[in-house]
Structure formats: structure tokens, C-alpha cells
Amino acid sequence: MRITGDLSKCIGAGQCVMMAPELFTQDEDTGLVVVLVEEPSENQREAAWAAQMACPTRAVAVTETSTTDAAGS
Amino acid sequence: MHHQAIVPSFPFARPGLAPPIEYAHFRQESGLGKVRLWDGSIVWLATRYDDVRNILADNRFSADGRKDGYPAISPGRSEVVKTQPPIMIRMDPPDHGRHRKMLAREFAHYKIQALRPMAEKVVNDLVDSLLEHEKPADFFKHFALALPSIVIAHIIGVPYEHHEFFQERASTKVNLDSAPEDAVRANQELLAFLHDLFKDKARNADKNDDIISHLLIEQIGPGHLSIDEAVGMMELLLMAGHETTANMSALGTLAILQDPEALEIFRAGPPQNVVMQAVEEMLRYFSIVHFTGTRVAMEDVEISGEVIRKGEGVLAMIAGANHDTARFEKAGDLDLFRKHAAPHVAFGFGVHQCLGQPLARLELEAVFSTLFKRIPTLKLAVPYEELEFKKNVLVHGVHRMPVSW
């Protein structure tokens, strides 16, 4: 699984930080998304999906990177 | 297509805490519905969770009230959005993003969390003064409205001594029954007041740590933002920063008072996660900013099998979405212990999603972690049935909330 944050879409609503504070923060100068963990562990997957679901501008994207990853290696 | 014999008039009555019953009927119908506005125009109504999110996240819908077909929901709103300079919530990308990003860091999580001790102190001070008040006291006026007014004034840099001035004008502006000239006058008086404040604060902006001073130095000074644009921005923050949280904290208090199990837990001093969970459910269930989500299509867009034509108005109703049983189990029940009330759309969705939501959450958490612990005997001083809910107001709530203890 891989997490990306698209700065051209992000408006700094902070939903990702609320849903998954261990995976995201906001830049101190701009308030925009900073992905802290690009490849989340198995027990962080649910939080990553929740952050993607909550992002109002769909700037946060979560993608499965490989079958091994999807199986939870 | 819909073949309704009569297109119902919008808005619908909302006589209590729950959204209008009509939204449930619309959700049952296939696709989107249609309603008639005060001026006779017929617009689309979206009440399902997925539809509302898809519309609000789609930049082919414009929020600009000056565009042909924009659905202004009252004569006063129509006059304000068509004649007044556009503010951030009525801007489309890329102008919207340019303004929004100037404010993003002011409301970032880490910045707002740093205000927690201040918010908790204000709550405790307001409890002290409420307890000194003669009984019964109006909880809305003496507690609920005061807290967010004090906090937002502090953050923006508006001296709190002007609170009655800005509260009164904001209240006129959000009331759909206000005469158009009164709504415009209230708006202009607020703008003039803030304009003077910017001039005043420009003299020593470098010595002050508030949003007006930050904008003066970082944006207005280098020419990224005009004074008029900044004034419009601050009017929005000032209004949205107190009208909303004030009504949320009054309705939330009401909800806890009506729920014996919750009341017992909140009196005992609930853990933070219990408070946070209850706040999310209050936000979802009350969906108080219930007339937000007014848009006009800039091109033909298909939503749930219906084609919304270019120039047609759309009302994407957050109070409908947040009560969608396809998304929230037993959506019609107010369950303060609900585990998954988020992500709801109480703060909207898309680029216009509420800027101040971390602040709203922080203030509400401060209220509900303290209020019933400090005043365990708090109770309504009138029967629940006698409370007068607001009618035709942009932000839902009660006019007065007499309490005793």
C-alpha cells in the first residue's frame, strides 16, 4: 500500500490528520498535507483508507502497490 | 425523470433537532429530486450521502452567487450574493484556492490544538459567570454564544468589546426572513467595521499575533491580497466562527440533558475519546449549517443517472446526506455513543469544506468535557416542548434556552 498527497488539490482541511494522525501532518508554513508514512504497515491500513475517504478534495490517495502488499506482508 | 404533480416549496420546516422529514422521502425516490424556491425557480435537490459528496467535490459546479442559475434560497440571500463582493465560500477555483491557502495554516491541527488551554479557561470562566447569574438563565446567550465569540475574536484580532455589534449583524445576515435591505446593511456595517479595524491594526501589525496582523504583513503588504478582499475574508471567519459553534453547543447540551445515560457519563467527567465521539455524532445528527451546498452547474453533469444541465441550480443538502441510512446505520437515531459518525458532511465537502472545523471541534470538546462536571444539576427551566427552534435561519438552533441548576 502506498499513500500520496496531491498538493495541487489539497486545501489544508486537515481531515487526514484527524483520521490518521500517525500517517499525516500539516506543513507548518502552508498548512497543507505532509505524508509521514508513505508505506503504511498492516495495522495502519484502516486509518489510511479512512483518511482517503474523509479527504474533501480527494488529494489523499491510497493505492495497493502489489499482491504481496495487498495480502498484508 | 421525476413526474411529481406538484414541485414542493423549499425550504422545509425543521421544528426540532432532526432534519426535515421531507429529505427522507426524497432519499427514497430514485436519483435526485426537484424543489421550488421563493422566486418560482425549480432546482435540483440532493439528499443522499454519495450524491451530496459527489456534487460538492465536483468543480464543474460553481458556488458563485453571481452566476446565472445560482439558487439563492431567500430574497435576502439573493441580494447579498448578487450585490456584495464575493467572499471565499462563493468563489470557485483557482481564486478560491489562492484565498484559502492564505488561511490554511492558521487553522491547521497543531495550531488549533495549542488553543486548548485557552478554550478550557474560557469555558470555566463562563461556567463561573453562569453560576452567578440569576436563575433561570438563557444558556444560549450567556454561555453558548459567548464561548466561540470570545475565541474567534481572539484569533482574528477583533476586540471582544465589540461582540454585541458583530453578533447582532451576523444574526440578521443568517436569517432568511430578514428584509433584503436589512441583510445588505448588516453586511455593509460589518465590512465597514472590519475595514476600520484593518487600518487601525496596520500601525503595529508586527507586534500582534492574530490573523488580521498576519494577513497585513504576509499578504496585504507584498500585494497578494487587497484590503477589501481581506475584509471579506475576516467577515466570513468572524460570522462562521461564532454562529455555528454557538448553536452546536446549545443543541449538544440539550441532547445530553435529554439522554439520562449520557448525562450520567458527562457528569462524571468523560474520557476525551467519549467526548470526541459524542461531538461527531452531534455534528452529524444536527447538521446545523443546513442550507450550505448551493451550487449551479457550469456544464452538463451526470449525478446518479440524472443529467444536471448547464445553468441549473442544485441544493446539495448536508442534513439529508448525514441521515442517509445507506451510509449510517440507524441514521435517524441520535446515539451519542455511536462509533462511526465520521466522516459525515456536517462541515461540507469539496474545496469549500469548513476551514474552522478543528476549532469547532476543540471548542465543543472543551464544553462537553467540563460543563456537566462543573454543573451536574444543570437542567432545562422550561419543558422541552416549549423550546422555540429557529425557522428559516442559515444556521439551525434554538432562539433561547432557559436553564436552571
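Below, all heavy atoms of this structure are taken into account, side chains as well, without hydrogens, waters or symmetry copies.
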Assess whether a salt bridge exists between [X] and [Y], defined as any Lys/Arg side-chain N lying under 4.0 Å from an Asp/Glu carboxylate O.
X: A:Glu28; Y: B:Arg105; answer: no
X: B:Arg48; Y: B:Asp50; answer: no
X: A:Arg45; Y: A:Glu64; answer: yes
X: B:Asp58; Y: B:Arg295; answer: no

* chain B heavy atoms under 4.5 Å from A:Met18: which part of the residue, side chain, backbone, both or neither? ->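 When you check distances to chain B, atoms from both the backbone and side chain of A:Met18 fall under 4.5 Å.
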* Asked: With a 4.5 angstrom heavy-atom cut-off, which part of B:Glu280 approaches chain A: side chain, backbone, both or neither?
  -> side chain
* **Top contributor to chain A interface from B:Pro93, B:Gly350, B:Ala104 [non-hydrogen pairs under 4.5 Å]** =>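 Highest number of heavy-atom pairs under 4.5 Å: B:Gly350.
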* For chain A, which of B:His109, B:Gln357, B:Glu106 has the most heavy-atom pairs under 4.5 Å? ->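 Among B:His109, B:Gln357, B:Glu106, the one with the most close pairs to chain A is B:His109.
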* Relative to chain B, which of A:Asp27, A:Leu32, A:Ile11 shows the most heavy atom pairs under 4.5 Å? ->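 Maximum pair count with chain B is reached by A:Ile11.
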* **Heavy-atom pair count under 4.5 Å with chain B, highest-scoring of A:Thr30, A:Thr25, A:Thr57** =>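 The option with the most such pairs is A:Thr30.
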* Asked: Is the distance between the ring centroids of B:Tyr285 and B:His323 under 6.0 Å?
  ->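 That pair passes the under 6.0 Å test.
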